[in-house]
Every structure is written in structure tokens, then in C-alpha cells.
Novice: 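Have a look at the structure that comes next, please.
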Amino acid sequence: MNIFRDIEQGTDEWKLLRKGKPTASNFSSIVTAAKCELSKSADGYINDLIAQTFCPDWEPFEGNYWTKRGNELEPQARLAFQVATGYQVDQVGFVLHDNGILGCSPDGFVMDGGEIVAGLEIKCPAPNTHVEWMRAGVLPDKYKQQVHGSMIVTGIRQWHFWAYHSAMKPLHVLVTWDSYTDAMVKPLMQFCDLYRKVYAETVNKLTLE
């Protein structure tokens, strides 16, 4: 993996680095949750990615109240994770897979003795959503592809899922590379091949002369 440590997430430099790259937060548009197959929405996601390469300022999803709130609370949530677990967390900007296409933006690398031992995904959901997740006590299906996909991008075998709300106990789930992770590899690589092919066929049609 190629780690971009000195780029701050959310900055223009970070956004430019991610443009045109399929990232873990969108792997649900590539891989189906249940059967780990190439999703029907993958073709539309390719259109989004190609559009990003031509229009860097364009964002297909600008976020909503809860995503913006989550970004604001992330430092607080990260500190709470460190206090609760005793782990040090290193922040990084972006991670690129060895194939130069797939990427992810971890909310941190969990460190032990100076070594990366796991990744960290932080969510700060709405109160009712937090209750729902706590009752289930497992990684929410909504983030299954993102968390397992982040392990594939980085090669890290464990990922901590930390759902934080200041008025309630956090949900802490340790996700380990398993058969689901293995099953995700094939459709993700199929997507990369398809994306390369479509881009090569389309770029000349879109480029201004």
C-alpha cells in the first residue's frame, strides 16, 4: 500500500488525490452486500469516477447534516477510542492500493509498539441509529463493504469499528479478515479491470480538442 500521511482529509489536496479513484466508502456501489458479486450500480459509479477526472470540483454527494456532524465530532471520537482502548492512533490522509486504483481514507491506523496493527473506522450516527447499532452489537451491514474493503486496500488484517455518541456508550466492534473479505477481492478487481477498459474507450470521446 502507498500511504499519504501528510495530506489532511477534507482539504483540496486530499480531494484532488481521490478524484477518479474508487474508494472504500463507495465500495457498496461496486460489491453487493449479501453475495459479494459485482453490483448493478457499478456501471453508474464508473460514470461518476470518469466525470470526477474531467470536473475536479464536482462532488456527486455533498453530504448531509449527520455526515457533517460526524466530521466535526471525529477528533473527539478518536480521542475517546484511544482512552477506552489504550491504543495510539495515527492519522493518515489517504491510502492507495498497490494497483494504483483502489483507495481508502482510514479514520486512523491503530498502533502497537510503533507498528500498524489495525485500521479504524469512526461513525457518529444519529441517536436512534446509535441505539439500533448497539442493540445489534455487530458491524452494521451498511458499512460491511467499506470496512472489509479498507482491509483489502491496505492489506491490514483487522479493523476497529467505533460508533460514538457523547450521551451513550460507544459501540466497539473488531472486524477481522475472513471469508467475506476474501470473497470481496474478486469483484473489486473485476471492477478495476472494467473501469480501466471503459475509461480507455471513453476518454477520447470526452476530451475537448
Side-chain angles (χ1 to χ4, degrees), residues 1-31 45-46 48-63 67-68 70-82 85 87-124 143-162 164 174-175 177 181 184-185 187-189 191-193 195-196 199 203:
M1 62 174 166
N2 188 5
I3 305 174
F4 296 84
R5 294 185 178 276
D6 299 328
I7 295 178
E8 183 179 350
Q9 293 187 18
T11 62
D12 289 342
E13 187 180 10
W14 174 78
K15 291 178 181 178
L16 189 61
L17 180 62
R18 295 172 74 253
K19 290 297 182 183
K21 295 181 178 64
T23 54
S25 58
N26 290 296
F27 283 178
S28 59
S29 295
I30 300 175
V31 182
Y45 185 40
I46 287 176
D48 289 347
L49 293 170
I50 294 175
Q52 290 172 16
T53 66
F54 282 85
C55 306
D57 295 332
W58 175 69
E59 290 285 348
F61 175 65
E62 295 289 350
T67 56
K68 292 176 182 177
N71 290 335
E72 293 172 356
L73 289 176
E74 186 178 305
Q76 182 178 330
R78 186 181 294 106
L79 178 60
F81 173 85
Q82 293 180 102
T85 64
Y87 283 118
Q88 175 192 349
V89 176
D90 278 1
Q91 292 180 242
V92 298
F94 189 69
V95 181
L96 195 60
H97 188 272
D98 289 339
N99 69 2
I101 298 178
L102 299 174
C104 67
S105 299
D107 292 325
F109 280 147
V110 179
M111 311 297 293
D112 189 12
E115 299 292 330
I116 300 173
V117 295
L120 175 63
E121 182 61 39
I122 295 172
K123 299 297 180 186
C124 300
Y143 299 108
K144 198 171 183 180
Q145 297 101 312
Q146 180 178 4
V147 170
H148 285 270
S150 293
M151 288 192 284
I152 292 169
V153 170
T154 61
I156 298 171
R157 308 294 289 190
Q158 291 186 327
W159 215 267
H160 292 264
F161 181 84
W162 181 257
Y164 175 80
L174 178 60
V175 182
W177 189 301
T181 326
M184 270 192 69
V185 173
L188 282 177
M189 297 308 155
F191 179 84
C192 291
D193 290 341
Y195 180 31
R196 289 190 192 97
Y199 185 88
V203 63

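Note that these values count all heavy atoms, side chains included, but never hydrogens, waters or copies made by symmetry.
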Novice: If you look at every heavy atom in Ile156 and Gly119, which pair is closest and at what distance?
Specialist: CG2-N, 3.9 Å
Novice: Go through the structure and list residues passing side-chain hydrogen bond (donor to acceptor under 3.5 Å, both in side chains) with Glu121, not counting sequence neighbours.
Specialist: Lys123, Gln146
Novice: Which is it for Arg18 and Ser25 under the side chain to side chain contact (heavy atoms under 4.5 Å, CB included) test, yes or no, and what are the steps along the way?
Specialist: CA-CA 12 Å; Arg18 295 172 74 253; Ser25 58; 4.0 Å; yes
Novice: Work out which heavy atom in Leu49 is nearest to a heavy atom in Pro22; give both atom names and the distance.
Specialist: CD2-N, 3.8 Å
Novice: To the nearest 0.5 Å, tell me how far Ser28 OG sits from Lys144 NZ.
Specialist: 13.0 Å
Novice: Kindly indicate whether the side chain of Thr154, heavy atoms from C-beta on, has any atom under 4.5 Å from the side chain of Trp159.
Specialist: yes
Novice: Quick one: side-chain hydrogen bond (donor to acceptor under 3.5 Å, both in side chains) pairs with a partner in residues 101-120, sequence neighbours left out?
Specialist: Trp14-Ser105
Novice: Using a 4.5 Å cut-off on heavy atoms from C-beta on, say whether the side chain of Val110 contacts that of Phe81.
Specialist: yes
Novice: Drop me the distance from Leu16's CG to Thr11's OG1, to the nearest 0.5 angstrom.
Specialist: 9.5 Å
Novice: Holding to salt bridge (Lys or Arg N to Asp or Glu O under 4.0 Å), I want the full list of residues that pass it with Arg78, two or more places apart in sequence or in another chain.
Specialist: Glu74
Novice: Any non-hydrogen side-chain atom of Ile101 less than 4.5 Å from a side-chain atom of Arg196?
Specialist: yes
Novice: List the residues meeting side chain to side chain contact (heavy atoms under 4.5 Å, CB included) with Gln76, not counting sequence neighbours, and say none if there are none.
Specialist: Leu73, Tyr164, Ser166
Novice: Of all residues at least two apart in sequence or in a different chain, which pass the side-chain hydrogen bond (donor to acceptor under 3.5 Å, both in side chains) check with Lys15?
Specialist: none
Novice: Mind checking what makes side chain to side chain contact (heavy atoms under 4.5 Å, CB included) contact with Leu79, not counting sequence neighbours?
Specialist: Gln82, Val83
Novice: Working to the nearest 0.5 Å, report the span between OG of Ser150 and CZ of Phe161.
Specialist: 11.5 Å
Novice: Can you label the angle between the Tyr45 ring and the Phe191 ring as parallel, tilted or perpendicular, going by 30° and 60°?
Specialist: parallel
Novice: Among all residues two or more places apart in sequence or in another chain, which pass the side-chain hydrogen bond (donor to acceptor under 3.5 Å, both in side chains) test with Gln88?
Specialist: Asp90
Novice: Looking at residues at least two apart in the chain, or sitting in another chain, which of them share a side chain to side chain contact (heavy atoms under 4.5 Å, CB included) with Thr181?
Specialist: His148, Met151, Ile152, Trp177, Asp178
Novice: Would you sort out whether Val147 and Phe27 count as a side chain to side chain contact (heavy atoms under 4.5 Å, CB included), showing the intermediate values?
Specialist: CA-CA 9 Å; Val147 170; Phe27 283 178; over 6 Å; no
Novice: A side-chain contact here means heavy atoms from C-beta on lying under 4.5 Å apart; do Cys192 and Leu102 qualify?
Specialist: yes
Novice: Do the side chain of Tyr195 and the main chain of Gly20 share a donor and acceptor less than 3.5 angstrom apart?
Specialist: yes
Novice: Which residue pairs satisfy the side-chain hydrogen bond (donor to acceptor under 3.5 Å, both in side chains) criterion with at least one member in residues 91-104, sequence neighbours excluded?
Specialist: His97-Asn99
Novice: Could you please spell out the steps behind the side chain to side chain contact (heavy atoms under 4.5 Å, CB included) verdict for Leu174 and Gln158?
Specialist: CA-CA 7 Å; Leu174 178 60; Gln158 291 186 327; 3.9 Å; yes
Novice: For Asn2, give me all partners under side chain to side chain contact (heavy atoms under 4.5 Å, CB included), at least two apart in sequence or on another chain.
Specialist: Phe4, Leu96
Novice: How long is the straight-line distance from NE2 of His160 back to CG of Leu120, given to the nearest 0.5 Å?
Specialist: 7.5 Å
Novice: Can you check side chain to side chain contact (heavy atoms under 4.5 Å, CB included) on Met111 and Ile116, steps first, answer last?
Specialist: CA-CA 5 Å; Met111 311 297 293; Ile116 300 173; 3.6 Å; yes
Novice: Of all residues at least two apart in sequence or in a different chain, which pass the salt bridge (Lys or Arg N to Asp or Glu O under 4.0 Å) check with Arg157?
Specialist: none
Novice: Which atom names give the shortest non-hydrogen contact between Ile122 and Ala77, and what distance separates them?
Specialist: CG2-CB, 3.6 Å
Novice: Got Phe94 and Thr23 here, is their nearest side-chain heavy-atom distance under 4.5 Å?
Specialist: yes
Novice: Please indicate whether Glu8 has more than 12 foreign heavy atoms, meaning atoms of other residues, nucleotides or ligands, lying under 6.0 Å from its CD.
Specialist: no
Novice: Could you work out, with side-chain hydrogen bond (donor to acceptor under 3.5 Å, both in side chains) as the rule, every residue matching Arg5, not counting sequence neighbours?
Specialist: none
Novice: As an exercise, state the distance from CD1 of Ile46 to OH of Tyr199, rounded to the nearest 0.5 Å.
Specialist: 13.0 Å
